[in-house]
Amino acid sequence: MQENNKQESVSSIDIIREGRINKAQELRDKGINPYPYKFNKTASAKELQEKYKDLKEGEETTDRYSVAGRVIAIRNSGMFIDLMDDSGKIQIFSHKQNIDAEKLKLLKLIDIGDIMGFIGDIRRTPRGELSIKAVDFEVLTKSLKPLPEKFHGLTDVETKYRKRYVDLIINEETRQTFKKRSLIIQKIREFLAQRGYLEVDTPILQTVASGANARPFTTHHNALDMDMTMRIALELYLKRLIVGGVSEKVYEIGKCFRNEGIDTRHNPEFTMIELYQAYADYNDMMELTENMVAYVAKEVLGTTKIKYGENEIDLTPPWDRKTMIGAIEEYTGKDFMSCSNLEEAVKMAETIGVNTAECSSWGQVIDAVFEEKVEPSLIQPVHIIDYPLEISPLAKVHRSNKRLTERFETRVNGWEIANAFSELTDPIDQRQRFEAQALAKANGDEEAMEIDDDFIEALEYGMPPTGGMGMGIDRLVMLLTNSPTIRDVIAFPTMKNKQ
RNA sequence: GCGUCUGUAGCUCAGUAGGUAGAGCACUCCCCUUUUAAGGGAUAGGUCGCGCGUUCGAAUCGCGCCAGACGCACCA
């Protein structure tokens, strides 16, 4: 039977934590701050590994460095420590011959996970490991929590996402992914800077969330007592800047927010790039898109031939171009151009088993058929061009077919990675397109676009002919890092609270 | 939102027709001074995701809930 004075259960994590707090106190008792302010690091692990790659086994130098990083392994009672910094690993060799006896005792207070600085001379051990022969060291941060086990590491995906800092400490692959992500974005900026693009910022908090078909997050500004929404696209503000003419080429890289489901390719907040170029059309945008992606791949991976899962994808320009109608005919044998209205299109779609229940226009049927019958097959990069008018409210009518627009979406690996138009610049036409969207919204289409009156007013001042393109950065990073889910390329993906 | 699967020590995983939980790593102590997942020895560590139920007895069976993965739906 249970005693009244039953013990609180103490988990091993509490015991470990308490032990480490005690070690920190022991350091303080010796006059050592376990959380000091600064360390003079003179070399990174990688620099040393490269500089001394030809140092022979067993060879010693008197080249002195200070290194710093996290202790990730301790062997032989502290005589060997693996120290990891952001560049890589280096072994620390602490022998009693080289370190003051009192100092050496402090090594007992070191745990895996602590941040340490070591000063010593470069040598390569007889077993071939480049090492710092330590003469002195300093505790830079005492850690309180144990790291995951060294061999299997951290594999639990939920923990990887919720505690990305642990994932990054443990998994080299995760570190590589986020380094590559940064490099990809840097190379995009470089590519656009070379072409005279101006990087700008536009509002994230907006009173009208438009420019895409999506449900926004809503919030409230207290001082203004005003409901606001988070942006779902960059489009309409960037076009205002084209109207203003601050630059004929502008772009923005930034977060957008869509209040929708989460899956392997969607996170509620995600990073987009949109760019606009005056006096250009969608043909120019196709060229720019493929050159930009190829440039980034070449710079980051050294090649434009990449592997994603089972697929070999060749990003070398020029990329294939297919009209949307033509692609559908290619894969289904049906020519939807021959349908002159919704009813005929629905009938034709039914003959190939496509559900059109949600479709209320010829264009939407085309979209549904395309998505189901064509999209999954488009592994190699291809620009799908000339989208139906009804589903493209921000694109100019096609110069040679009034039912279509000058719009393309670029598909790679079956995903949409870019969406681009010859931008609609006629304010009267734009208003009518928005009104058609408003009607759809009134009829229950929650994702239909909002009318943005100020944007239309901007167009009334006159926007030059403009080509524009938007691309999901996260998906590009997925492709170039061979990541199976978007959560692998977003450092802190959206997760439900644990209760 | 629907379906399938998953949740056991800090981490990686076992687990018995239902009988009250185990390993390796990490932690603590001892031995060991040229290791590479170092080694040897001895400890300690658990509301078995949460709750309710069935039962003499539940990590195990049932129901509900929470979280996650995948698929579908939604969405570019």
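So you know, we letter chains A, B, ... as the sequences are listed, proteins then strands, and number each from 1.
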Inset, instruction - Name the nucleic acid region contacted by Arg17(A), choosing base, sugar-phosphate or nothing; use a 4.0 angstrom heavy-atom cut-off, strictly under. - result: nothing
Legend entry - Within the 6.0 Å centroid threshold, strictly below: Phe408(A) and Trp319(A): no
Inset, instruction - May I ask you to verify if any side-chain N or O of Arg215(A) is less than 4.0 angstrom from the OP1 or OP2 atom of C74(B)? - result: no
Inset, instruction - With C1' as the reference atom in both, quote the distance from G39(B) to C25(B) in angstrom, rounded to an integer. - result: 14 Å
Inset, instruction - Name the nucleic acid region contacted by Glu260(A), choosing base, sugar-phosphate or nothing; use a 4.0 angstrom heavy-atom cut-off, strictly under. - result: sugar-phosphate
Legend entry - Sugar-phosphate only, base, or nothing, as touched by Gly153(A) at under 4.0 Å among non-hydrogen atoms: sugar-phosphate
Legend entry - Contacts of type salt bridge (Lys or Arg N to Asp or Glu O under 4.0 Å), residue Arg123(A), not counting sequence neighbours: Glu60(A)
Inset, instruction - Would you indicate what Thr125(A) reaches in the nucleic acid, counting non-hydrogen atoms under 4.0 angstrom: base, sugar-phosphate, or nothing? - result: base
Legend entry - Among G10(B), A38(B), U33(B), the nucleotide that comes nearest once only the side chain of Ile13(A) is considered: G10(B)
Inset, instruction - For Asp100(A), enumerate each residue passing the salt bridge (Lys or Arg N to Asp or Glu O under 4.0 Å) test, keeping only those at least two apart in sequence or located in another chain. - result: none
Legend entry - Separation between the P atoms of G15(B) and U8(B), rounded to whole Å: 14 Å
Legend entry - Atom-pair distance (CG on Asn355(A); P on C72(B)), nearest Å: 15 Å
Inset, instruction - Rounded off to whole Å, could you give me the CE-to-P distance for the Met495(A) and C66(B) pair? - result: 16 Å
Inset, instruction - Using the criterion of both pairing distances under 3.5 Å for Watson-Crick and G-U wobble pairs, give all stems of 3 or more consecutive pairs involving RNA chain B. - result: B:1-7 with B:66-72, B:10-13 with B:22-25, B:28-31 with B:39-42, B:49-53 with B:61-65
Legend entry - Atom of Arg265(A), atom of Ile486(A) and distance for their closest heavy-atom approach: O-CD1, 3.5 Å
Inset, instruction - Indicate yes or no: does Lys160(A) engage Asp488(A) in a salt bridge with an N to O separation below 4.0 Å. - result: no
Listing, residues 323-331 of chain A side-chain donor-acceptor contacts under 3.5 Å, not counting sequence neighbours, or none:
{"residue": "Thr323(A)", "atom": "OG1", "partner": "Gly326(A)", "partner atom": "N", "Å": "2.9"}
{"residue": "Glu330(A)", "atom": "OE1", "partner": "Lys322(A)", "partner atom": "NZ", "Å": "3.0"}
{"residue": "Glu330(A)", "atom": "OE2", "partner": "Lys322(A)", "partner atom": "NZ", "Å": "3.1"}

Inset, instruction - Please find out if less than 6.0 Å separates the ring center of Phe93(A) from that of Phe80(A). - result: yes
Inset, instruction - Please work out if Gln91(A) contacts a base, only the sugar-phosphate, or nothing of the nucleic acid, heavy-atom cut-off 4.0 Å. - result: base
Inset, instruction - Take atom P in C61(B) and the same atom in C5(B), then report the distance between them in whole Å. - result: 13 Å
Inset, instruction - Remember a base hit wins even if backbone is also touched, and classify Ser131(A) as base, sugar-phosphate or nothing at under 4.0 Å, heavy atoms. - result: nothing
Inset, instruction - Please measure how far the C1' atom in A38(B) lies from the corresponding atom in G19(B), and state the result in whole Å. - result: 42 Å
Legend entry - P atoms of A58(B) and C50(B), separation to the nearest Å: 15 Å
Legend entry - Whole-Å gap separating C1' (C5(B)) and CD (Glu158(A)): 14 Å
Inset, instruction - Could you tell me whether Asp367(A) contacts a base, only the sugar-phosphate backbone, or nothing, with contacts defined as non-hydrogen atoms closer than 4.0 Å? - result: base
Legend entry - Distance below 4.0 Å between Ser11(A) side-chain N/O and G10(B) OP1 or OP2: yes
Inset, instruction - Have a look at Asp156(A) and say if it touches a base, only the backbone sugar-phosphate, or nothing, with a 4.0 Å heavy-atom cut-off. - result: sugar-phosphate
Inset, instruction - For nucleotides A37(B) and A26(B), find the distance between their C1' atoms and express it as a whole number of Å. - result: 12 Å
Inset, instruction - Round to the nearest Å and state the distance from Asn98(A) atom CG to U34(B) atom C1'. - result: 12 Å
Inset, instruction - Using a cut-off of strictly less than 4.0 Å, decide whether Arg487(A) has a side-chain nitrogen or oxygen near OP1 or OP2 of C70(B). - result: yes
Without placing hydrogens or testing angles, list every side-chain donor-acceptor pair under 3.5 Å for residues 253-262 of chain A, not counting sequence neighbours.
{"residue": "Lys255(A)", "atom": "NZ", "partner": "Glu269(A)", "partner atom": "OE1", "Å": "2.8"}
{"residue": "Arg258(A)", "atom": "NE", "partner": "Ile232(A)", "partner atom": "O", "Å": "3.0"}
{"residue": "Arg258(A)", "atom": "NH2", "partner": "Ile232(A)", "partner atom": "O", "Å": "2.8"}

Inset, instruction - Would you indicate what Ala212(A) reaches in the nucleic acid, counting non-hydrogen atoms under 4.0 angstrom: base, sugar-phosphate, or nothing? - result: nothing
Legend entry - Closest nucleotide among C11(B), C70(B), U34(B) to the Leu154(A) side chain: C11(B)
Inset, instruction - Have a look at Glu235(A) and tell me which of Glu252(A), Met272(A), Glu423(A) forms a side chain to side chain contact (heavy atoms under 4.5 Å, CB included) with it. - result: Glu423(A)
Legend entry - Electrostatic pair Asp111(A)-Lys142(A), nearest N-O below 4.0 angstrom: yes
Inset, instruction - Calculate the interatomic distance between His152(A) atom NE2 and A9(B) atom C1'; express it in whole Å. - result: 16 Å
Inset, instruction - Write down the distance separating the P atoms in G22(B) and C48(B), rounded off to the nearest Å. - result: 14 Å
Inset, instruction - With heavy atoms under 4.0 Å as the rule, sort Arg123(A) into base, sugar-phosphate or nothing. - result: base
Legend entry - Full working for side-chain contact (heavy atoms from CB on, under 4.5 Å) between Met116(A) and Ile81(A): CA-CA 10 Å; Met116(A) 300 281 294; Ile81(A) 285 176; 5.7 Å; no
Inset, instruction - Could you state the atom-to-atom distance from NZ of Lys160(A) to C1' of G10(B) in whole Å? - result: 17 Å
Legend entry - Spacing of Lys496(A) atom NZ relative to A69(B) atom C1', expressed in whole Å: 15 Å
Inset, instruction - Select base, sugar-phosphate, or nothing to describe what Phe93(A) touches, counting heavy atoms under 4.0 Å on all strands. - result: base
Inset, instruction - Tell me which of Phe151(A) and Thr485(A) sits closer to the 5' end of RNA chain B, going by the nucleotide each one is nearest to. - result: Phe151(A)
Legend entry - Between C1' of U34(B) and CD1 of Ile92(A), the distance in whole Å: 15 Å
Nucleotide N/O of nucleotides 26-30 of chain B paired with protein N/O under 3.5 Å:
{"residue": "A26(B)", "atom": "OP1", "partner": "Lys150(A)", "partner atom": "NZ", "Å": "2.9"}
{"residue": "U28(B)", "atom": "OP1", "partner": "Lys23(A)", "partner atom": "NZ", "Å": "2.3"}

Legend entry - U60(B) versus G49(B) - spacing of their C1' atoms, nearest Å: 15 Å
Inset, instruction - Starting from the C-alpha separation in whole Å, work towards a yes-or-no answer on side-chain hydrogen bond (donor to acceptor under 3.5 Å, both in side chains) for His383(A) and Glu409(A). - result: CA-CA 6 Å; His383(A) 302 297; Glu409(A) 288 192 352; over 6 Å; no
Legend entry - Closest-nucleotide 5' rank along RNA chain B - winner of Tyr161(A) and Arg258(A): Tyr161(A)
